[in-house]
Amino acid sequence: MTSLARPPAPSTLTTSPLHAASPAGPWWRDAVIYQVYPRSFADADGDGIGDLPGITARLDHLAELGVDAVWLSPFYRSPQRDAGYDVADYRDVDPLFGTLADADALLARAHALGLRVIVDLVPNHTSSEHPWFRAARTAAPGSPERGRYLFRDGRGPAGDEPPNNWTSVFGGSAWTRVTEPDGTPGQWYLHLFDPSQPDLDWSNPEVRAEFEDVLRFWLDRGVDGFRVDVAHGMVKAPGLPDWHGTTAMIDGGHDGTFGSEDGATGAGSAGPMWDQEPLHEIYRAWNGVLAQYAGDRALVAEAWVEPMSRLARYVRPGEMHQAFNFAFLTTLWSAPDLRAVIVESLEANDEVGAPTTWVLSNHDVVRHTSRLGLEVPGSRPNGIGATDPQPDEEVGLRRGRAASLLMLGLPGSAYVYQGEELGLPEHTTLADEERQDPAWWRSEHTERGRDGCRVPLPWAAAEAGYGFSPTGATWLTQPDSFARYAADVQRGVPGSTYELYRTALRVRREQGLGTGSLAWADGLRTEAGRAVGEDVLAFVNRDVLVVATVGEADVVLPPQAVPLVTSGPTRTTADGRVVVPADTTVWALLTD
Ligand code: GLC
């Protein structure tokens, strides 16, 4: 008997391979690493500023979430002019955050829970309160004390013009003039960031020896690796030549910022202060230091370097292990753009045998849930204030969840910034009087800066300060919306962002997605039977089909694909086909 009406042909997947699965390797190749920003994670002593005992007490949350490791932003002794990225003593804990014994206790608890710990290393600059810089200020021009930094005579007959035209990443000149001990106007010193962050001279062997010793200090205490701050900036071009580009961390930014309104990218890392060849010799030496310790200790580069092939040079064998993929973070919400950056990243890293290190949010950029709710989704203002255009919270959250599930479905390692697992939005209406980011002051109030992504986390919806601190104190005021995002109203609630992350991390591990493959999947159809357009990203990683609808709606999963994780609601047609709506990511197991 023949049937009269033939059912529509199921969409047949065809694939084009881009990246092959890798055998099991060291932990960092596929780890999901959670960034803790200590002053805003959890406060134990009630002063409104997070601390190490607060982190230790909440490590169970991270183990339950299912991450592999924790990266701690700086907790070292510091006058806190740039929230701890201005270090006065690399071998001690700031009393704000606790003691060395608290750091040891944190490490022990994390390791007992099976979590690795990476700490921040800030080698480009010290604090101006560091003993070396205090000594340099009072020492004579040309002295060994000044030789650890970049002191130069000024230009012009009276030496009252800066030695070159560089601007600081935070705005204003990158040079500050000192007054010599005899009261006369003196030399100038270079600071790519705030004047309280003088740049070290990395051609000085004493500087190199000191940091190798700092590495050993923390390796001996048991840390599993280091996130290296401004890893592309420590070495400057000989002669410190003038530069007519902007000294932004990445091109497309305004003068001296981390952000860009339009998400444009370019050759921002091409200036004489960035990405200089002798950096690689330093990282080879550090790799050698880490290799003397058991346990696959890792170095991760914070290097805002373009193009991807230049960034990949930091993770060549024998150098660093990971480098944050900021090109992915800075890509607009556009499927063709995302596809292009995924291709470029995997190809460049495969070339050197390194994993790709995906990231969407950190303590320097507007949270991705909020960026994706802006009129140009994914654009990067350097902070958002009450008088700026506000993101659409609902749209941003939907896209944010879709973006996160896309990221976690990609082969490689991934970083999750604290609060991201709660779908936390940026604080976009923080009072300007509360702002503490030096960028706000140094840009003469043209850049709101990074405080909005650094607001203390909400743990408990009904408690004062949302349970951040036992006293209810918080160093920045939290927005009312945080009540909806508190951890305790999400834990155990199906469909919450917290449970989405938890499920995704479990499935990612079970399916081996982190060491997995990527083959673009073609042949998907819309509900009406049309071929899907460019707005859909679809790929197969091992046995899992990942479909992200970045605009186009109504993508039908092929019949052999059984949904495992979805970032938002899907629909099922009368004949049982699963339809993926707009701004949604689905992971589905391919059953044949
Ligand atoms: C890095 C840090 C940032 C800091 C800057 C200067 O980019 O992530 O927070 O302000 O370095 O240390």
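In each ligand, atom 1 is the first atom listed, and ligand 1 is the first ligand listed.
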Can you sort out which atoms of ligand 1 are near [X], meaning under 4.0 Å from one of its heavy atoms?
{"X": "R450", "answer": "3 (C), 4 (C), 9 (O), 10 (O)"}
{"X": "H125", "answer": "6 (C), 12 (O)"}
{"X": "F170", "answer": "10 (O)"}
{"X": "H363", "answer": "2 (C), 3 (C), 8 (O), 9 (O)"}

### Query
What about D82: any of its N or O atoms under 3.5 Å from an N or O on ligand 1?
yes

### Query
Checking side chain to side chain contact (heavy atoms under 4.5 Å, CB included) against T356, which of L311, L346, V315, L410 comes through?
L346

### Query
Does any N or O in the side chain of E212 come within less than 3.5 Å of the main-chain N or O of A209, such that one atom is a donor and the other an acceptor?
no

### Message
Test your reading of the model: is there a side-chain donor-acceptor pair from E302 to the backbone of V230, 3.5 Å cut-off?
### Response
yes

### R81 atom CZ: more than 12 heavy-atom contacts under 6.0 Å
no

### Task
Please work out whether the ring planes of H363 and Y417 are parallel, tilted or perpendicular, with thresholds of 30° and 60°.
tilted

### Task
Can you label the angle between the Y149 ring and the F133 ring as parallel, tilted or perpendicular, going by 30° and 60°?
perpendicular

### Query
Mind checking whether R454 has a heavy atom under 4.0 Å from ligand 1?
yes

### Message
Measuring from non-hydrogen atoms of W304 to any atom of ligand 1, is the shortest distance under 4.0 Å?
### Response
no

### Summary
Which of N382, D437, D432 passes side-chain hydrogen bond (donor to acceptor under 3.5 Å, both in side chains) with R448? It is D432

### Query
Of the backbone atoms (N, CA, C, O) and the side-chain heavy atoms from C-beta on, which set of H191 has a member under 4.0 Å from an atom of ligand 1: side chain, backbone, both, or neither?
neither

### Message
If we set the cut-off at 4.0 Å for heavy atoms, which region of R81 has an atom near ligand 1: side chain, backbone, both, or neither?
### Response
neither

